[in-house]
2 protein chains.
Amino acid sequence: MSRLLQAHINKFTAVSDEEFEEISQLFSRQEVAKKENLLEEGQISHSYYFVLKGILRKFFINEKGVEQTTEFAIENWWMTDSFSYINQSPTEFYIQAVEAAEILVISRPSFEKLLDTHSAMEKYFRCVYQKAYAATQMRIKYLYGFSREDLYHNFRRRQPEFMQRVPQYLIASYLGITPEYLSEIRRKDIS
Amino acid sequence: MSRLLQAHINKFTAVSDEEFEEISQLFSRQEVAKKENLLEEGQISHSYYFVLKGILRKFFINEKGVEQTTEFAIENWWMTDSFSYINQSPTEFYIQAVEAAEILVISRPSFEKLLDTHSAMEKYFRCVYQKAYAATQMRIKYLYGFSREDLYHNFRRRQPEFMQRVPQYLIASYLGITPEYLSEIRRKDIS
DNA sequence: CGGTCTCTTGACGGAGTTCAAAGCTAGTGG
DNA sequence: CCACTAGCTTTGAACTCCGTCAAGAGACCG
């Protein structure tokens, strides 16, 4: 059903074709239109998403009513609001498609079953989380140590694919700066 | 040997006394003096630490030569530089005891063995990472959405134990503000 | 006690925001 | 396939939060 997920799992652990066949039964495939919300503030996060194609973003709305993007997910990335998912508490986030996307969805009960019946998946998700955690740690380091301008240059250098596929006001939103200021930074670069 | 770790593991999964006996063979106990470094910039992170008593902190030194604290760990918390630990690359961080501490240490080879021979531990660490990841996600949300002043009030409300046990200049370092500005914020609160 | 480490105070400066308005671009319907 | 509109990007001026520097006041440890 989805070679992409199978390949991703096999990067971290080994599952046979037969086992993956069983695993993939627990997922469903879904198309998401541009700007469609998969999750909205106040809801409880019941699903886990794996991106096959397209881009998702996670954002919240701050006190001033401004959208703050905290995470992008492209092909091969997992996405959910873990906090709401773990505690089954109302989320403070939105998950939205930046561009039309194709995803795999697994519900919480199925996810539990997945982990209980396939011990390889415990390992897989341990690795996925470990990596995601390490990445966020680095992210926090950057948020602290860098000026907004350096953040932009760093982002540009490390994630060039996002620069091309994501509109500028969303990059500003991800970097925690205003579109106006981002525009100013870019002007400096060119001249 | 350590009831604390056993209890923590049993919060997420079930291990018998006998199994825990085996598990605990892989750890060693260590005392850390105040201000002693467990890890220094440029080294490779070979160990994972579990705090039994006291406080550790992780920090890096930014371009201006200022220490930026990115994480505290108290009783029942795990600590390492995951990025260096996973990739076996030189770390950019220091890990230091804020106050005299007592910790459990497990080396990377032992950690691998732990995961390979005790499948319950895959589950345990999957849960630990999942939680840690969710916590960092929230942390990033706060770093974006809040002013430095709000960050302080939020920290004070949510982590009162740290307020009491950690000196103010370290809290400033954790919040990413100067001790001077933290002092100014506190003054406003009192009057 | 004496010295180092921590916390406070105040004047000044700069990075980044806010607000308002104008120029672009891309999608949509006729 | 063109025209129109809504959404995106750019510009500039005023303002604010927070950092820097310098100096003084406590507080803790030997």
Side-chain angles (χ1 to χ4, degrees), chain A residues 33-37 54-55 57 59 61-69 72 94 96-100 142-156 162-191, chain B residues 33-37 55 57 59-69 72 94 96-100 142-156 162-191:
Chain A
K34 188 173 174 174
K35 301 235 169 176
E36 184 181 337
N37 286 332
I55 304 184
R57 72 178 178 120
F59 66 93
I61 296 180
N62 69 14
E63 305 101 77
K64 293 168 197 155
V66 178
E67 292 181 4
Q68 293 270 6
T69 302
F72 290 115
Y94 295 77
Q96 190 182 77
V98 173
E99 52 183 50
Y142 294 141
L143 279 174
Y144 272 119
F146 287 7
S147 71
R148 302 309 188 163
E149 191 169 341
D150 291 340
L151 274 184
Y152 167 72
H153 288 119
N154 189 56
F155 179 77
R156 176 179 212 178
F162 285 99
M163 289 298 299
Q164 285 152 11
R165 292 172 69 181
V166 174
Q168 241 148 72
Y169 74 99
L170 287 184
I171 291 173
S173 164
Y174 178 77
L175 297 175
I177 62 181
T178 57
E180 292 94 328
Y181 189 55
L182 178 55
S183 182
E184 198 178 321
I185 293 170
R186 287 165 52 84
R187 187 175 10 152
K188 273 196 242 170
D189 281 358
I190 297 158
S191 56
Chain B
K34 188 172 173 175
K35 302 235 169 178
E36 184 182 336
N37 286 334
I55 305 184
R57 72 176 177 120
F59 66 93
F60 67 96
I61 296 181
N62 68 17
E63 307 100 75
K64 292 169 196 155
V66 179
E67 291 181 4
Q68 291 270 8
T69 302
F72 290 115
Y94 295 76
Q96 190 183 77
V98 173
E99 53 183 49
Y142 294 140
L143 278 174
Y144 271 119
F146 288 7
S147 70
R148 303 308 188 159
E149 191 169 342
D150 290 340
L151 272 185
Y152 168 72
H153 289 120
N154 189 57
F155 179 76
R156 178 179 211 177
F162 286 100
M163 289 299 298
Q164 285 151 11
R165 292 172 69 182
V166 175
Q168 240 146 71
Y169 72 98
L170 286 184
I171 291 173
S173 164
Y174 178 76
L175 296 174
I177 62 181
T178 58
E180 291 95 326
Y181 189 55
L182 179 55
S183 183
E184 197 180 322
I185 293 170
R186 287 165 52 82
R187 188 176 9 152
K188 273 197 239 168
D189 281 358
I190 298 158
S191 56

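Just so we're on the same page: letters track the sequence lines, and every chain starts at 1.
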Exercise for review: Start with the C-alpha gap between A/Y144 and B/F60, add the side-chain angles, then the distance that decides, and say whether ring-ring contact (aromatic ring centres under 6.0 Å, His included) holds.
Suggested key: CA-CA 10 Å; A/Y144 272 119; B/F60 67 96; 7.3 Å; no
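- Residues B/R148 and B/L175 are not in side-chain contact: their nearest non-hydrogen atoms beyond the backbone lie 4.5 Å or more apart.
- Put simply, B/R187 has no side-chain N or O that comes within less than 4.0 Å of OP1 or OP2 on C/dT8.
- Across all non-hydrogen atoms, the minimal contact from B/E99 to B/R165 is OE2-NH2, 2.8 Å.
- Over its length, the helix from C/dC1-D/dG30 to C/dG30-D/dC1 turns its helix axis by 50°, as judged from the five terminal pairs at each end, rounded to 10°.
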Practice item. Could you check B/F155 against B/Y174 for ring-ring contact (aromatic ring centres under 6.0 Å, His included), going step by step and ending with a plain yes or no? Key: CA-CA 10 Å; B/F155 179 76; B/Y174 178 76; 5.3 Å; yes
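- Which of D/dG12, C/dG16, D/dC18 sits closest to the side chain of A/S147 comes down to C/dG16.
- One interatomic measurement links the two molecules: CZ of A/F146 to C1' of C/dG16, which rounds to 18 Å at whole-angstrom precision.
- What you find for A/L182 and A/Q168 is that their closest heavy atoms are CD2-O, 3.4 Å.
- Looking at B/H153 and B/F146, their side chains never come closer than 4.5 Å, going by heavy atoms from C-beta outward.
- Taking atom CD of B/E184 as the reference point, atom P of C/dT8 lies 12 Å away to the nearest angstrom.
- Out of D/dC18, C/dC7, D/dT10, the shortest distance to the side chain of B/E149 is found at D/dC18.
- Residue A/L182 is classed as having no contact, given no heavy-atom separation below 4.0 Å to the nucleic acid.
- No side-chain heavy atom of A/E180 sits under 4.5 Å from any side-chain heavy atom of A/E184.
- In this structure, A/Q168 atom CD and D/dT9 atom C1' are separated by 7 Å, rounded to whole Å.
- Here the side chain of B/S173 pairs a donor or acceptor atom with the backbone of B/E67 at under 3.5 angstrom.
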Review point. Once each nucleotide of nucleotides 24-30 of chain D is scored for protein heavy atoms under 4.0 Å, what B/S/- sequence comes out, 5' to 3'?
Key: -------
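- C/dT9 atom C1' lies 14 Å from atom NZ of B/K188, rounded to whole Å.
- Whole-Å rounding puts the B/I171 CD1 to C/dT6 P distance at 13 Å.
- A distance of 11.5 Å separates CZ in B/F162 from CG in B/L170, rounded to the nearest 0.5 Å.
- To the nearest angstrom, P of D/dT9 lies 11 Å from OH of A/Y152.
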Review point. Going through the distances and angles, do A/I177 and A/I185 end up as a side-chain contact (heavy atoms from CB on, under 4.5 Å)?
Key: CA-CA 11 Å; A/I177 62 181; A/I185 293 170; 4.2 Å; yes
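- Protein atom CD1 of A/I185 is 11 Å distant from nucleotide atom P of C/dA15, rounded to whole Å.
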Which atom pairs link the protein and nucleotides 18-21 of chain C when you take only N or O atoms and keep those under 3.5 Å?
{"from": "C/dT18", "atom 1": "OP1", "to": "A/K64", "atom 2": "NZ", "distance (Å)": "3.2"}
{"from": "C/dC19", "atom 1": "N4", "to": "A/E180", "atom 2": "OE2", "distance (Å)": "3.3"}

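- Residues A/T69 and A/F59 approach most closely at CA-CB, 3.7 Å, considering heavy atoms.
- Between B/R165 atom CZ and C/dT6 atom C1' there is a gap of 20 Å when expressed in whole angstrom units.
- Distance from the side chain of A/R148 is smallest for C/dG16 among the nucleotides C/dG16, D/dT10, D/dC8.
- Residues B/D150 and A/E63 have side chains in contact (heavy-atom distance under 4.5 Å, counting atoms from C-beta outward).
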